[in-house]
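Here's the structure, in structure tokens; my notes come after.
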Amino acid sequence: DGPGLYLREPVLPGKKVVSFSISPRFAEKVTSQERFEFAHDLLLSATVDWIELPEYMRMESGRTDIRPVLDIPKNDSGEILFGEILAHLASNPDAGPVFRIPVTIISSQQLDSKDSYRHDFDVTIEAGQTARRFFEVPARTNRLKLRLELEAEDQLERRVTLHAVTPVSNLSFRETE
């Protein structure tokens, strides 16, 4: 019941081994004998091909560790990579996952000084859709200049909300937004 894995610091493409500890939670009414006898075979799968893990694990009453390998793809776009590790009961795989572990990797796009740290990109979104981009903030930066252009054939009014956030040590995102 933890947060999963959330990497927002620069991560190089390639293989990275991570570790998760899995422990069952028992209701207070479960006896010591029932806890001792607890054992289930689980089928593991990932929702994306860049998460590699064993197909099977045995969950017993204590802690079980799994060590998936993240084969992190090259991602220069500043977009989010997201996948999940799912565990299903081998005896009833159609019952839905027993647990899921979210894996989120934010790969910030580097801005280059030879371009005066300028970057142009196009985003096509539908109404109500969210588009996120992440950039590595150059050292000693204290300003952002942003220009938005709307390219639409009709003259309908549109609204855009922009959040610019930079992580600062010991401060929450709400304090730096």
Side-chain angles (χ1 to χ4, degrees), residues 1-25 42-59 63-88 93 96-146 148 160-177:
D1 197 27
L5 179 66
Y6 183 80
L7 298 175
R8 68 176 186 182
E9 302 304 322
V11 178
L12 295 174
K15 295 190 183 262
K16 179 177 182 65
V17 178
V18 295
S19 180
F20 297 100
S21 296
I22 315 294
S23 301
R25 288 192 179 173
L42 300 178
L43 302 174
L44 299 177
S45 63
T47 59
V48 292
D49 60 0
W50 49 266
I51 299 176
E52 303 168 6
L53 65 162
E55 295 177 16
Y56 162 87
M57 75 174 271
R58 177 93 170 154
M59 175 168 273
R63 185 179 92 181
T64 304
D65 293 331
I66 59 171
R67 296 178 51 84
V69 176
L70 306 181
D71 191 3
I72 301 169
K74 185 169 174 42
N75 178 15
D76 293 329
S77 64
E79 295 182 5
I80 296 175
L81 298 174
F82 178 78
E84 288 184 306
I85 297 170
L86 305 174
H88 293 83
V98 175
F99 66 82
R100 61 181 69 226
I101 302 171
V103 178
T104 305
I105 301 172
I106 296 176
S107 181
S108 298
Q109 187 165 351
Q110 300 286 326
L111 301 177
D112 197 340
S113 62
K114 71 179 180 185
D115 298 325
S116 300
Y117 299 108
R118 290 180 171 211
H119 179 70
D120 295 324
F121 63 94
D122 295 328
V123 177
T124 303
I125 58 175
E126 300 295 323
Q129 186 179 358
T130 300
R132 292 182 172 96
R133 294 294 183 272
F134 298 88
F135 298 93
E136 187 70 31
V137 177
R140 297 178 300 283
T141 300
N142 61 8
R143 290 192 187 107
L144 167 71
K145 183 176 181 181
L146 180 72
L148 299 174
V160 174
T161 302
L162 172 74
H163 292 272
V165 180
T166 187
V168 177
S169 297
N170 301 318
L171 292 176
S172 73
F173 281 113
R174 288 187 191 99
E175 294 172 290
T176 62
E177 187 172 26

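We number each residue from 1, following the sequence as shown.
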side-chain contact (heavy atoms from CB on, under 4.5 Å) partners of [X], counting only residues at least two apart:
{"X": "Leu81", "answer": "Trp50, Ile72, Pro73, Asn75, Ile105"}
{"X": "Phe82", "answer": "Ile80, Glu84, Pro102, Thr104"}
{"X": "Lys15", "answer": "Glu52, Val69, Asp71"}

Exercise for the section: Indicate yes or no: at least one non-hydrogen side-chain atom of Ile51 is less than 4.5 angstrom from one of Ile85. Expected result: yes

Exercise for the section: Please check if atom CD in Glu55 has more than 12 non-hydrogen atoms from other residues, nucleotides or ligands closer than 6.0 Å. Expected result: no

Handout entry: Steps toward side-chain contact (heavy atoms from CB on, under 4.5 Å) verdict (Met57, Ile66)
Key = CA-CA 8 Å; Met57 75 174 271; Ile66 59 171; 3.7 Å; yes

Completion exercise
Rounded to the nearest 0.5 angstrom, the NZ-CG distance for Lys16 and Leu7 is 6.5 Å

Fill in the blank from the handout: d(Leu42 CG, Met59 CE) to nearest 0.5 Å is 6.0 Å

Exercise for the section: Can you spot which of Leu44, Ile101, Leu70, Val18 makes a side chain to side chain contact (heavy atoms under 4.5 Å, CB included) with Leu53? Expected result: Leu44

Practice task
Could you tell me whether Asp65 and Arg63 have a side-chain N and a carboxylate O separated by less than 4.0 Å?
Solution key: yes

Practice task
Any chance you could lay out the side-chain contact (heavy atoms from CB on, under 4.5 Å) test for Leu86 and Phe99, step after step, and finish with the verdict?
Solution key: CA-CA 6 Å; Leu86 305 174; Phe99 66 82; over 6 Å; no

